[in-house]
Amino acid sequence: MIKDIPFCFKDRNEEYLTLGKLQEFCKENKLKTSLDKVELVNSIIEFAKVSEDNSIRVCEWVDPTLKEGIKKIIIFKLNNTRRLMNKTEEEWIEIINEKFQVYESIPILNYEHKNKISLCGYKFVLNEDKVSKVELKYTILLKEQKKKDQLPMSVIYPIFIDVYIDEGYIVGRSKSKSSIFKFQIIEVEDKKKDDITESMNCDKLIGEAVNLTIEKIGVSKEDVPTGLHIFKGIIHKIVDETTATPKEIQEKLDEEKECRQNFIKKFLERQKISLLSGDNYKNAVEDLTVLMEKYMSINYNDKHIFTKDRYGYPIQISATDEDSSSVEETSLEDKPLQCTPIFFDNKKIIQKQKKCDNVIMVFKRAPKTYFTNKTFQAIIEVKRGSMHIELRKYVLEEDIENVLSRIIRGHR
């Protein structure tokens, strides 16, 4: 039975247990709700002390709550997961028992945390009776120094690793933190002392947990060039899906089709440029189409057409063409990039390359009690053969899964 929630999780300055999540738990368990975070946390702790069932309920709530929220997510493509496909839950438990020497899944609040990355829990997602996704829960004890004039304090740092067996991806996520350090315990004059050994950040820690996982389960990451190709293509696909020409604009373009073609033909004839030489005619028509779409879009009164019936929209895109020319487009605040001039100035380059280096997306979400925001931002970029996603505001698990579903799709 748990007696408390560690300070590193309940600290009012941390965003692990937010007011909305605390209020939601209290309401679901018929506890008094308030706007005071400390009061809500204390109420949940007292609730956990009442019975073993209550304690289990709190533990089962804390683990997924720590997994969602403000997070850094790193995705790697795996190249040899076929041997792990079609395994049952029992077979996966055997793998974890043998390779990790972990024989039960323990909630984070009940685990005896160590100063090295350790697996404390696991969970499986089944497709029929076969495991399609393995969810691993790691923790490590670190030292954190929030202020220069304060001594470092011990904190529990959770790292969550999901292995998508069928699709061939591994996803790591944790909370972004600064001034965190690994440490070892040494003896000085018969007294134990914590000795800081290495400065860390979330990217390093996720990387270590990912490498530990792939070593244990016997798979490997794709090489950097392959990873770059895959993930830049995925970002382009997201951009392409969320910037398709709205039917209202397409109808206007279709009305102008004959005009465009006639204009280009007459122009090329006047300039004595052959219509049959190379792609002169085709490229000129495409350029004029983009130009028309640009002015139709930026002057269209109802900007809602650029966001409706879509799961999100980009507000910044960056790409590099085959000549190493860099393209970067940014809109103001949360305005869809598609109704700004700069989007169309570079549209043809992005369409031709079918690759993007990074994008800032505004994703839609269904508002719910205690979480009323209708959108959230995700900064998505490709680095060193992997995809990095930053969520700088609290995002619920269902919304994180929505983002991941746009990246990890049902194909290899």
Side-chain angles (χ1 to χ4, degrees), residues 64 67-69 71-87 92 122-128 130-138 159-174 202-203 206-207 209-211 213-214 217-242 310-314 354-365 376-391 395-412:
K67 188 175 183 179
E68 65 183 19
K71 288 289 178 285
K72 176 66 179 287
I73 302 170
I74 305 179
I75 307 172
F76 297 89
K77 187 73 178 74
L78 299 174
N79 64 10
N80 54 349
T81 59
R82 291 190 182 278
R83 52 181 290 276
L84 298 175
M85 295 173 70
N86 300 316
K87 290 190 180 294
W92 265 103
Y122 52 86
K123 186 179 172 184
F124 307 107
V125 175
L126 302 179
N127 182 3
E128 296 181 350
K130 305 299 182 184
V131 173
S132 61
K133 180 181 173 187
V134 180
E135 300 180 359
L136 302 174
K137 189 171 57 187
Y138 292 94
I159 308 164
F160 300 91
I161 303 293
D162 294 338
V163 184
Y164 290 77
I165 303 298
D166 293 346
E167 296 84 359
Y169 289 89
I170 187 166
V171 180
R173 63 169 117 159
S174 65
C202 66
D203 286 25
I206 290 172
V210 165
N211 290 338
T213 302
I214 63 176
I217 65 176
V219 297
S220 61
K221 292 180 283 191
E222 284 283 7
D223 58 72
V224 170
T226 302
L228 289 172
H229 174 76
I230 290 170
F231 289 121
K232 287 186 177 186
I234 288 172
I235 292 181
H236 176 268
K237 185 174 180 63
I238 291 172
V239 169
D240 195 48
E241 290 174 343
T242 55
R310 299 176 182 184
Y311 56 80
Y313 53 90
K354 297 193 181 302
K355 294 178 185 178
C356 293
D357 300 327
N358 60 63
V359 62
I360 298 180
M361 285 290 299
V362 175
F363 283 95
K364 295 179 182 177
R365 58 180 301 274
F376 64 92
Q377 284 188 18
I379 302 168
I380 306 173
E381 60 182 329
V382 180
K383 295 195 294 189
R384 299 181 294 278
S386 57
M387 180 175 282
H388 293 234
I389 305 173
E390 272 193 77
L391 305 172
V395 180
L396 296 170
E397 181 63 23
E398 63 207 61
D399 299 313
I400 295 176
E401 289 294 338
N402 178 37
V403 173
L404 293 175
S405 73
R406 310 299 171 180
I407 298 163
I408 300 169
R409 312 206 183 195
H411 56 78
R412 300 184 67 83

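Of the residues Thr226, Ile230, Val224, the one that meets the side-chain contact (heavy atoms from CB on, under 4.5 Å) test with Leu228 is Val224. When each of Asp166, Leu126, Val125 is paired with Lys133, the side-chain contact (heavy atoms from CB on, under 4.5 Å) condition holds for Val125 and for no other. The only member of Lys364, Glu241, Arg365 that meets side-chain contact (heavy atoms from CB on, under 4.5 Å) when paired with Tyr311 is Glu241.
Contact between Leu136 and Asp162 at its shortest, heavy atoms only, is N-OD1, 4.3 Å. When all heavy atoms are compared, the tightest approach of Ile389 to Ala378 is CG2-CB, 4.2 Å. Between Ile235 and Met387, the closest heavy-atom pair is CG1-CE, 3.7 Å. Residues Met361 and Phe363 approach most closely at CB-CE1, 3.4 Å, considering heavy atoms. Residues Arg310 and Thr242 approach most closely at NH1-O, 2.8 Å, considering heavy atoms. Shortest non-hydrogen contact noted between Ile214 and Asn211 is CG1-O, 3.4 Å.
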Item to complete: Report the C-alpha distance between Asp357 and Val382 in whole Å, list the side-chain angles of each, state the deciding distance to 0.1 Å, and finish with yes or no for side chain to side chain contact (heavy atoms under 4.5 Å, CB included).
Response: CA-CA 6 Å; Asp357 300 327; Val382 180; 5.8 Å; no
Practice prompt. Show the numbers, then the answer: is there a side chain to side chain contact (heavy atoms under 4.5 Å, CB included) between Ile234 and Arg409?
Written response: CA-CA 10 Å; Ile234 288 172; Arg409 312 206 183 195; 5.8 Å; no
Worksheet entry | side chain to side chain contact (heavy atoms under 4.5 Å, CB included) assessment of Phe124 paired with Val134 | CA-CA 5 Å; Phe124 307 107; Val134 180; 4.0 Å; yes
Practice prompt. Under the side chain to side chain contact (heavy atoms under 4.5 Å, CB included) rule, what do Asn79 and Glu222 come out as? Steps first, then yes or no, please.
Written response: CA-CA 5 Å; Asn79 64 10; Glu222 284 283 7; 3.1 Å; yes
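The closest side-chain heavy-atom distance from Trp92 to Ile217 is below 4.5 Å. Side-chain contact between Leu404 and Ile75 is present, with at least one heavy-atom pair separated by less than 4.5 Å. Considering only heavy atoms from C-beta on, Thr81 stays 4.5 Å or farther from Glu167 through its side chain.
Between the Lys77 side chain and the Gly168 main chain, a donor and an acceptor come within less than 3.5 Å of each other. In this structure, the side chain of Lys71 engages the main chain of Glu68 through a donor-acceptor pair within 3.5 Å. Although no hydrogens or angles enter the test, the distance criterion places a donor-acceptor pair under 3.5 Å between the side chain of Asn80 and the main chain of Ser220. With hydrogens and angles ignored, the 3.5 Å screen pairs no side-chain donor or acceptor of Ser386 with any backbone N or O of Phe76.
Expressed to the nearest 0.5 Å, how far CD1 of Ile74 lies from CG of Asp203 amounts to 4.0 Å. From Arg406, atom CZ reaches atom CD1 of Ile238 across 8.5 Å, with rounding to the nearest 0.5 Å. Note that the CZ atom of Arg173 and the CD1 atom of Ile159 stand 13.0 Å from one another [nearest 0.5 Å]. Between the CD1 atom in Ile407 and the CD1 atom in Ile73 there is a gap of 8.0 Å [rounded to 0.5 Å]. The CG atom of Leu78 lies 8.0 Å from the CD1 atom of Ile165; values are rounded to the nearest 0.5 Å. To the nearest 0.5 Å, the span separating CD on Gln377 from CD1 on Ile360 amounts to 6.0 Å.
No salt bridge links Lys383 with Glu390; every basic N to acidic carboxylate O contact stays at or beyond 4.0 Å.
Around the NE2 atom of His229, the shell of radius 6.0 Å holds no more than 12 heavy atoms that belong to other residues, nucleotides or ligands.
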